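Shown next, in structure tokens, is the structure this report addresses.
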There are 4 protein chains.
Amino acid sequence: MTTEQIDLKMRKIPRQARSKASVDAIIQACRRILVKRGYEALTTNEIARVAGVSVGSLYEYFPGKEAVVAAMVRDMADRYFQTLKSEITAKHNNSYENAMRHWVGLLFNLVQENKRLVQVLVFDVPYSFKIIPFDTITTEFFNIVMKGAARSQNQYKLEVTPEILYLISTTTAGTLTGLVFAPSPYVDKERVLDQLANKIAAWMTQ
Amino acid sequence: MTTEQIDLKMRKIPRQARSKASVDAIIQACRRILVKRGYEALTTNEIARVAGVSVGSLYEYFPGKEAVVAAMVRDMADRYFQTLKSEITAKHNNSYENAMRHWVGLLFNLVQENKRLVQVLVFDVPYSFKIIPFDTITTEFFNIVMKGAARSQNQYKLEVTPEILYLISTTTAGTLTGLVFAPSPYVDKERVLDQLANKIAAWMTQ
Amino acid sequence: MTTEQIDLKMRKIPRQARSKASVDAIIQACRRILVKRGYEALTTNEIARVAGVSVGSLYEYFPGKEAVVAAMVRDMADRYFQTLKSEITAKHNNSYENAMRHWVGLLFNLVQENKRLVQVLVFDVPYSFKIIPFDTITTEFFNIVMKGAARSQNQYKLEVTPEILYLISTTTAGTLTGLVFAPSPYVDKERVLDQLANKIAAWMTQ
Amino acid sequence: MTTEQIDLKMRKIPRQARSKASVDAIIQACRRILVKRGYEALTTNEIARVAGVSVGSLYEYFPGKEAVVAAMVRDMADRYFQTLKSEITAKHNNSYENAMRHWVGLLFNLVQENKRLVQVLVFDVPYSFKIIPFDTITTEFFNIVMKGAARSQNQYKLEVTPEILYLISTTTAGTLTGLVFAPSPYVDKERVLDQLANKIAAWMTQ
DNA sequence: TATGAATGAGTATTCATTCAT
DNA sequence: TATGAATGAATACTCATTCAT
């Protein structure tokens, strides 16, 4: 989140199998370093070393480590959104609350499974919100919430205000962040998720 | 949020007025640099230069820039909590919802006024949650929420669960974060705060 | 003009039309890069890219970029000397001074037209005088001056000393260099060339 | 002689004796490397090593090696001009030609004594004419020529044209360059200088 | 105590050159 | 022959930290 421009685009897209393998190794190495040793351990030379390629090759495809992080995040986000969408598509002969509960559970698991990586990306990488802007996330989020709502047997209220929708997304984001990064010994995570789904369902349907 | 240890304590506490002035100048310089140019511009030499003291003097009192940031944050947090508490102490011959609305409004303003600094601290400084652990914040938050509740004319429910309390704090945190750092053109901030207070009040009192 | 040896010879001479075309493309690319972006932008990879051939092909014919520059310079010098000689061959039913004036004008135009390239070669390329040694230039120059003199109606003095001949070449070189690379707003270029021809003629014939 | 901007200014001027010594050592090291091993051997790390200081210290005072070269050249030029001026001030109960001869001899010796350094600066360093622009040199040159003329017993012509003055400076520059960097086995250097002085005197006084 | 010059390990990045395909 | 992906030595530059004054 610094003001100067950072180049987050790849220099060229690998065509041959050999290059694709190199780029993939670089991205995996980036992930491994971030998870094991954090952002400050992430240097171009180290990425190349862990990936088993030369620094030269890294710079062939990326203008710097920031672009490697960006590629990794985009990869990850694509797979996340894919997972979420496909799960939503599954039939829920269910109440809205149950559908919502299923979905926030999914989301929680995704973040929980990648806790360390998400933590580093959100709290240490200064340009992570330039890779995937917040409103992209929010838009995807809305689409998914709506899709999920449509799938459920109960209709949601037509007069739902933008403020309520906004509250739903910030509430969900805040709660998941809390559960993953600031868990309390006094609360049961599943019950918190129950409550979360219950409240959201109430806002949407009552 | 790296794994190795960072020394966040001051080396010694300044006794003389001159030393106090130096330490103060250092902390102010730290804040100014973070606000104007971000964390990556924060170097010990630069802090000293802006503060008008020598690097040697900085190292006399702090083991490194991280400790300067820590001192600054602790200062800031003290003043924040103080403000919040004193505001809560004011009489609210008022509903719980109104008290809550007043209070989230206050909190929002505090963050909004220090937007850039909070942004840098939360999203760029890797050790900010080591300075003030999340549960410290949560504890203070609970105290305040409870105190506020007690001050209001209406009693809150006695059977409020820890999960609901937890949800209140994560919801508030998430919503304020969203309003400040990811505002939507489609929502009115004050209305979102209205809704937030309304929902929290409902959870506490119904 | 460094002390270690630089290989300025081509690795092999292209026989087939396709190879000749590649080599030609490489030399043209070299010239274009030098003119547009200077010597520091001249890399083997860039030459190959601009030429539309692979680096591998470049190294097939040249041991390095220095040899490409050398080939380009030799090409250029050949054409320059050719032009000068053929122009001299033209009849000048003329005074020696007029013949000289015509000739320095020619020379000036040649340099002026290739100003940027000559500038880069002379002032930036450290090995340019190893490509065509100074005395080769001087010798050609003498030949031309003498030929030109012979063509003119007036005879030059027989007792012309080597020192005067030397002075003629350094004076011409210095003046053309000055006019092209350090022009003065206070002098008219054509008049300077007039004077130059006038003085040289005087030295040769009086 | 590249188009982009190069920073040729010092970062700060050393005040303390210790810093002055460092800066001096850096400049001497720069000269030594240029003379012994040429411009391509000039790296910031190498300058620091030869100077016996750390790279950090070099960067404390200079933004890069270019600025070190610039400082060295300015030093050198100052001393050159000083020498030339003081020599001109000496009385010449002498003809203009003799004064001129004395002076071009001086100039020749200065260049000859620093042959290798001047060679590297003029033909290898791409930004040398940005350090001391050509017209600064020419202006100084004119001043000196005029001063020298005034000192001589004979008056120079009042109607001397700008073109003749220009020719004098380019002729002198070209001839000195030739004598130092492209000497001919067939000419005697002193005699060439004799002729040079003789011709210039003729242009100025006849 | 205060100063700030000096240090040098560490990081980003380029580019000549090779060699498997 | 031609290709262009891969290599890695080499270089510029920064910044936390020390220590002589």
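Keep in mind the model is a prediction, meaning the values are calculated, not measured. So that the names make sense, note that chain A is the first sequence line, chain B the second, and so on, each numbered from 1.
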| task | Kindly indicate, with the supporting measurements, whether the criterion side-chain hydrogen bond (donor to acceptor under 3.5 Å, both in side chains) is fulfilled by C/Ser19 and C/Tyr61. | result | CA-CA 9 Å; C/Ser19 319; C/Tyr61 295 104; 3.2 Å; yes

| said: Side chain of A/Asn45, heavy atoms from C-beta onward: which of F/dT14, F/dT17, E/dT13 has the nearest atom to it? | reply: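 The listed nucleotide nearest to A/Asn45's side chain is E/dT13.
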
Using atom [atom1] of [X] as one end and atom [atom2] of [N] as the other, report the distance to the nearest whole Å.
X	N	atom1	atom2	answer
B/Lys65	F/dC15	NZ	P	8 Å
A/Arg37	E/dG10	CZ	C1'	13 Å
B/Leu58	E/dT1	CG	C1'	15 Å
B/Glu60	F/dT18	CD	P	12 Å

Give one of base, sugar-phosphate or nothing for [X], where a contact means two heavy atoms less than 4.0 Å apart.
X	answer
D/Thr43	sugar-phosphate
D/Arg11	sugar-phosphate
C/Ser57	base
A/Lys12	sugar-phosphate
C/Ser22	nothing
D/Ser19	sugar-phosphate
B/Pro63	sugar-phosphate
D/Tyr61	sugar-phosphate

| query | Where each residue is assigned the nucleotide of DNA chain F containing its nearest heavy atom, which of A/Gly56 and D/Gly64 is assigned the position nearer the 5′ end? | reply |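 The residue whose closest nucleotide sits nearer the 5' end is A/Gly56.
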
| query | Does D/Tyr59 make a side-chain N or O approach to OP1 or OP2 of F/dT14 shorter than 4.0 Å? | reply |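 Result: no.
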
| query | Within the pair D/Ser54 and E/dA6, is there a side-chain N or O less than 4.0 Å away from OP1 or OP2? | reply |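 For E/dA6, neither OP1 nor OP2 has a side-chain N or O of D/Ser54 closer than 4.0 Å.
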
| message | With nearest nucleotide decided by heavy atoms, which residue, A/Arg18 or B/Gln16, maps closer to the 5′ end of DNA chain E? | response |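 Residue closer to the 5' terminus by nearest nucleotide: B/Gln16.
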
| query | Just how far is it from atom CG of C/Leu42 to atom CD of C/Glu46, taken to the nearest 0.5 Å? | reply |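 Answer rounded to 0.5 Å: 8.5 Å.
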
| request: Look at the rings of A/Phe123 and B/Phe123 and say which category their plane angle falls in: under 30° parallel, 30 to 60° tilted, over 60° perpendicular. | output: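 Ring orientation, 0 to 90° scale: parallel.
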
